[in-house]
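Note that these values count all heavy atoms, side chains included, but never hydrogens, waters or copies made by symmetry. The chains referred to below are lettered A, B, ... by the order of the sequence lines, with proteins before strands, and numbering in each begins at 1.
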2 protein chains.
Amino acid sequence: MPTSMTIAEAALATGLTAYTLRYYEQIGLIDPVPRRGGQRVYGDTDLRLIGFVVRLRGTGMSMRDIQEYVRLRRLGETPESIRLRGDLLARHAAYLRGQLVDLTETIARLDEKIALYRAIYPDEPLPTPDTTVPPASTADTPSNRRKHA
Amino acid sequence: MPTSMTIAEAALATGLTAYTLRYYEQIGLIDPVPRRGGQRVYGDTDLRLIGFVVRLRGTGMSMRDIQEYVRLRRLGETPESIRLRGDLLARHAAYLRGQLVDLTETIARLDEKIALYRAIYPDEPLPTPDTTVPPASTADTPSNRRKHA
DNA sequence: CTACCCCTTCGAGTGCACTCGAGGTCAAGG
DNA sequence: CCTTGACCTCGAGTGCACTCGAAGGGGTAG
């Protein structure tokens with residue numbers, strides 16, 4: 001059976017709030033969700049698009065560009081639409097590659113500075129800056145992670 | 001001779017606007033800049049701190065955390081201040097490592113999707129997604145690059 | 001039939017990070 | 001001396017991305 005969720009369930013599943021889901025639909029960041037008895041019913045495809053949109057937002061694509069992407073999707077599988085979507089995503093990928101470099105550099109600088117500080121007052125046994133991933137503790141107030149970097 | 005710049009020059013040098021420099025000072029994101037005849041005179045150390053702050057902002061540290069960092073700096077080289085600064089930076093570094101992973105994953109997914117699109121209508125000779133860095137073309141309207149991701 | 005609950009729309013409010021304009025000061029050049 | 005230009009402060013305005021409350025509706029349980 002195809003999943004079919006209420007807005008509250010979809011909110012749970014996507015990590016967004018019901019408010020935000022309605023807002024995203026209103027501004028065309030996601031396609032209009034089909035209604036039953038006036039109420040939104042979220043299906044698999046809706047959920048997948050939302051997930052993708054959230055990921056794009058999370059990596060800093062502007063609402064405007066995402067709106068454009070979703071608009072192109074609605075046009076169907078025409079050569080034009082497909083080419084433009086590819087271009088849009090390719091541009092964002094290029095942007096992300098740039099970020100990756102900046103990020104790496106910033107991490108290196110921070111590690112240097114931290115090492116300096118620790119060298120002066122090493123109360124804690126320096127936690128060797130390796131490549132494993134501690135569960136990102138900055139940012140993220142309860143219930144609303146947003147904006148990757 | 002130590003550099004000493006007007007606010008306009010400092011703006012040029014940091015890539016911020018004069019408005020933003022005053023704003024950052026006002027909210028304590030940077031230390032108060034010394035005045036001569038009422039006008040701000042930016043020296044090397046000011047510029048260096050601003051550069052660091054811009055980098056932190058660029059990688060998504062909140063204004064609040066940066067304010068805290070700068071406040072700690074102003075307390076001088078006490079054990080307390082140094083330890084707390086180290087912790088603050090270490091937390092941000094951990095956060096960035098998390099981002100790095102997300103970013104890498106998103107790039108991989110985008111490349112997949114792009115390859116799919118290109119496979120359907122390959123008008124352009126697929127630009128092999130390698131690790132070199134094309135000059136990040138998304139975002140960045142003239143004069144005001146902001147917010148990394 | 002009445003509660004109850006979750007849903008609906010609409011419009012207003014919030015917080016962040018700038019961004020700008022008005023009105024004033026000051027130092028250098030003509 | 002007077003103008004010019006860059007700077008100053010203060011307060012208000014902007015754009016983004018939510019976030020919320022009020023008022024009302026539909027469907028199921030008792």
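The CE-P distance, from B:M63 to D:dC16, rounds to 18 Å in whole Å. One atom, CG of B:L16, and another, C1' of C:dA17, lie 12 Å apart when rounded to the nearest Å. Whole-Å rounding puts the A:R57 CZ to D:dC16 P distance at 11 Å. Rounded to whole Å, the distance from CE on A:M5 to C1' on C:dC7 is 17 Å. The interatomic distance linking B:I7 (CD1) with D:dA6 (P) rounds to 14 Å, in whole Å.
Nucleic acid contact class of B:A8 (heavy atoms, under 4.0 Å, all strands): sugar-phosphate only.
Partners of B:E77 by side chain to side chain donor-acceptor pair (under 3.5 Å), not counting sequence neighbours, listed by chain and number: B:R85. Residues satisfying the side chain to side chain donor-acceptor pair (under 3.5 Å) test with B:Q26, not counting sequence neighbours, are none. Listed by chain and number, the residues in a side chain to side chain donor-acceptor pair (under 3.5 Å) with A:E80 are A:R83 (sequence neighbours excluded). Every residue meeting the salt bridge (Lys or Arg N to Asp or Glu O under 4.0 Å) condition with B:R35, not counting sequence neighbours, appears here in chain and number order: B:E25. For the side-chain contact (heavy atoms from CB on, under 4.5 Å) test, residues two or more places apart in sequence or in another chain that qualify with A:L75 are A:R71, A:L72, A:S81.
Of the residues in residues 19-27 of chain B, those lying under 4.0 Å from DNA chain C by heavy-atom distance are B:Y19, B:T20, B:Y23, B:Y24. Of the residues in residues 30-42 of chain B, B:R35, B:G38, B:Q39, B:R40 come within less than 4.0 Å of DNA chain D through at least one heavy atom, sorted by number.
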**OP:** Start with the C-alpha gap between A:H92 and A:T59, add the side-chain angles, then the distance that decides, and say whether side-chain hydrogen bond (donor to acceptor under 3.5 Å, both in side chains) holds.
**Re:** CA-CA 9 Å; A:H92 191 58; A:T59 54; 3.1 Å; yes
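Look at A:T6 and you'll find a side-chain N or O under 4.0 angstrom from OP1 or OP2 of C:dC7.
Residues in residues 12-24 of chain A take part in no salt bridge (charged side-chain N to carboxylate O under 4.0 Å, His left out) pair, two or more places apart or across chains. Pairs passing the ring pair (Phe, Tyr, Trp, His ring centres under 6.0 Å) check and including a residue from residues 47-87 of chain A, sequence neighbours excluded, read A:F52-A:Y69.
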